[in-house]
There are 2 protein chains.
Amino acid sequence: MTMNIVSPAKGARAVEQAYDFLKNAILSGEFTARMHLREGAIATQLGLSRTPVREAFRRLGAEGWLEITPNAGAKVAEWSPRDIEEVFEVRMLIESRVAGRAAQRATEAQIARLRALAEQMSAMAECPVDKVLDERSAVNAQFHDLLVEAAGSQRLKRLLDLVVEIPMVKWVFGSYQPAEVRRSAAHHHEIVAAVEAHDAEWASAAMKSHILSAHHAVMRRLRELDGLPKQEQL
Amino acid sequence: MTMNIVSPAKGARAVEQAYDFLKNAILSGEFTARMHLREGAIATQLGLSRTPVREAFRRLGAEGWLEITPNAGAKVAEWSPRDIEEVFEVRMLIESRVAGRAAQRATEAQIARLRALAEQMSAMAECPVDKVLDERSAVNAQFHDLLVEAAGSQRLKRLLDLVVEIPMVKWVFGSYQPAEVRRSAAHHHEIVAAVEAHDAEWASAAMKSHILSAHHAVMRRLRELDGLPKQEQL
DNA sequence: GAATTTCTTATTGCATACAAACTAACGTTT
DNA sequence: AAACGTTAGTTTGTATGCAATAAGAAATTC
């Protein structure tokens with residue numbers, strides 16, 4: 001009775017498929033800024049109906065990747081240097097606060113896990129950049145997530161996720177020079193030390209340094225890219 | 001079973017209709033926390049099809065009012081006192097930064113408009129509470145929006161809108177005692193003065209006071225409501 | 001009698017169909 | 001020739017139908 005006629009993609013719902021495809025295309029620069037996207041075109045390209053594509057459009061709109069105007073469709077949002085600065089500003093404000101709270105509330109187990117992640121980071125710092133970029137991004141994300149967890153700020157996490165976006169993190173790492181990678185690893189260790197000492201001020205300041213350093217690297221990268229074709233935006 | 005009560009619907013699209021209805025119902029407490037909402041029921045109640053209702057669900061999900069789980073529908077999100085504290089924390093961080101930036105960048109024209117709004121606020125401070133609650137909320141929202149505009153932070157505005165939500169502002173005002181209303185008006189005047197003096201530190205500190213004061217009022221209100229039936233959550 | 005299984009039912013996810021809105025090109029009018 | 005109105009052709013917005021999944025009830029088994 002349960003005869004699967006054809007199951008094209010098990011587990012992956014259609015909306016997810018559309019969402020992932022679109023976000024990937026935007027992040028990779030395949031869909032350039034201000035480009036107009038049509039529901040129908042994407043739908044046929046993915047072999048879906050317009051309904052899930054539309055849903056993905058709305059979600060990406062809410063997250064700031066697309067600009068949706070009521071009867072005129074969606075266009076890819078443009079990120080000016082100023083926009084990126086704002087993102088870093090917010091990250092700095094929120095994450096340094098999170099680090100402070102984590103210092104006050106982290107359990108021994110959480111501190112141990114933080115330390116392990118920082119170690120992992122240091123170990124990877126010496127590898128050639130390209131080999132471990134994805135992995136490094138993942139570990140970094142885990143570190144920051146764990147910090148939020150230790151701070152006991154569930155709502156904040158949702159907000160941060162909206163702002164920080166994992167792929168952008170990867171982009172940050174791509175902007176780092178070797179010395180900056182090591183500095184970033186050192187920051188993580190310092191944050192762990194501050195949390196371990198339950199010193200909120202210290203943790204907050206260390207995190208502030210950490211974000212500002214990343215900010216600096218990204219803005220330098222942007223200036224460099226100014227001279228290049230807008231082919232490789234990521 | 002078309003229970004189409006009133007739908008003037010001049011130019012109002014179906015999604016908007018569903019969105020407004022749902023948000024209103026959530027904010028007014030008609031839909032209590034953890035309550036399960038079914039697309040079909042809402043749709044027939046509003047005389048619409050499920051499609052726009054569904055879209056409204058997703059939007060409210062992205063904004064944190066509903067919790068959506070893939071094959072199990074939507075339930076009204078629960079706001080713990082801790083959640084509300086987090087919102088105020090973020091508001092304090094971001095808005096005080098905004099005020100600082102506004103102090104550095106505001107034009108004469110913007111300052112004039114800020115002052116006018118602050119005056120308007122003071123004038124309303126002496127009126128009986130119920131009469132001008134909506135109006136006061138509107139003016140307050142204009143004040144804060146103008147400040148963001150003066151700070152030149154477009155992306156930040158989107159983020160703040162996500163966090164601060166105008167109806168919640170109204171709720172704040174409902175929590176104010178007469179003395180606090182006057183204090184709030186005084187804060188606005190002080191912020192204008194700081195912006196006029198182009199003193200970022202001062203503007204930032206004044207805004208911080210302003211938000212913390214609101215935070216205090218709301219948390220007191222919450223404690224009071226603890227003893228009451230959960231009927232009137234707003 | 002409790003637990004597991006199966007069957008029923010209610011609800012979501014997706015596809016298709018249709019209506020409304022916008023775009024743009026053409027022709028008419030002044 | 002310029003401006004406007006009209007109309008054909010997209011493209012988005014909404015409705016409906018069907019398939020898939022989850023929740024709940026009844027029945028069977030241990």
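Each chain gets a letter, A, B and so on, in the order its sequence line appears, and its residues count up from 1. Remember, predicted model here, so these are calculated numbers, not experimental data.
Of the possible donor and acceptor atoms, one in the side chain of B/Thr107 sits under 3.5 Å from a partner among the backbone N and O of B/Gln110. Side chain of A/Arg59 to main chain of A/Val15: no donor-acceptor pair is present (N/O by atom type, distance under 3.5 Å, no hydrogens or angles).
Of the candidates C/dT12, D/dA23, D/dT14, D/dA23 carries the atom nearest the B/Ala72 side chain, counting heavy atoms from C-beta on. For B/Pro52, whose side chain is taken as the heavy atoms from C-beta onward, the closest listed nucleotide among D/dT14, D/dT12, C/dC14 is D/dT14. Proximity note for B/Ser49 (side chain, C-beta onward) versus C/dT12, D/dT12, D/dT16: the nearest is D/dT16. Checking C/dA17, D/dA22, D/dA15 against every side-chain atom of A/Arg50, the shortest atom distance belongs to C/dA17. The side chain of B/Thr51 approaches D/dT14 more closely than any other nucleotide in the set C/dT12, D/dT14, D/dT11. Comparing atom distances between the B/Val15 side chain and each of C/dT16, C/dT12, D/dT14 picks out D/dT14 as nearest.
Taking atom CD of residue A/Gln17 and atom P of nucleotide C/dA15, one finds them 9 Å apart after rounding to whole Å. As rounded to whole Å, 12 Å separates atom C1' of D/dA20 from atom CZ of A/Arg13. A/Arg38 has its CZ atom 18 Å from the P atom of D/dG9, to the nearest Å. A straight line from CD of A/Glu55 to P of C/dT12 spans 12 Å, rounded to a whole angstrom. The distance from atom CZ of B/Phe57 to atom C1' of C/dT12 is 11 Å, rounded to the nearest whole Å. Atom NZ in A/Lys75 sits about 13 Å away from atom P in D/dT12, given to the nearest Å. Nucleotide C/dC14 holds its C1' atom 12 Å from the CZ atom of B/Arg58, rounded to whole Å. Rounded to an integer number of Å, the gap from A/Glu39 CD to C/dT16 C1' is 14 Å.
B/Met121 is listed as a side-chain neighbour of B/Arg136, based on a closest heavy-atom distance under 4.5 Å.
Looking at heavy-atom distances under 4.0 Å, B/Leu37 makes contact with sugar-phosphate atoms alone, never a base.
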Exercise for the section: Let me see the working for B/Asp83 and B/Ser80 under side-chain hydrogen bond (donor to acceptor under 3.5 Å, both in side chains), right down to the final yes or no. Expected result: CA-CA 5 Å; B/Asp83 288 328; B/Ser80 68; 3.2 Å; yes

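For B/Gln154, the CD atom counts as loosely surrounded, since its 6.0 Å shell holds 12 or fewer non-hydrogen atoms of other residues, nucleotides or ligands.
Comparing A/Asn71 and B/Gly40, the nucleotide of DNA chain C nearest to each residue sits closer to the 5' end for B/Gly40.
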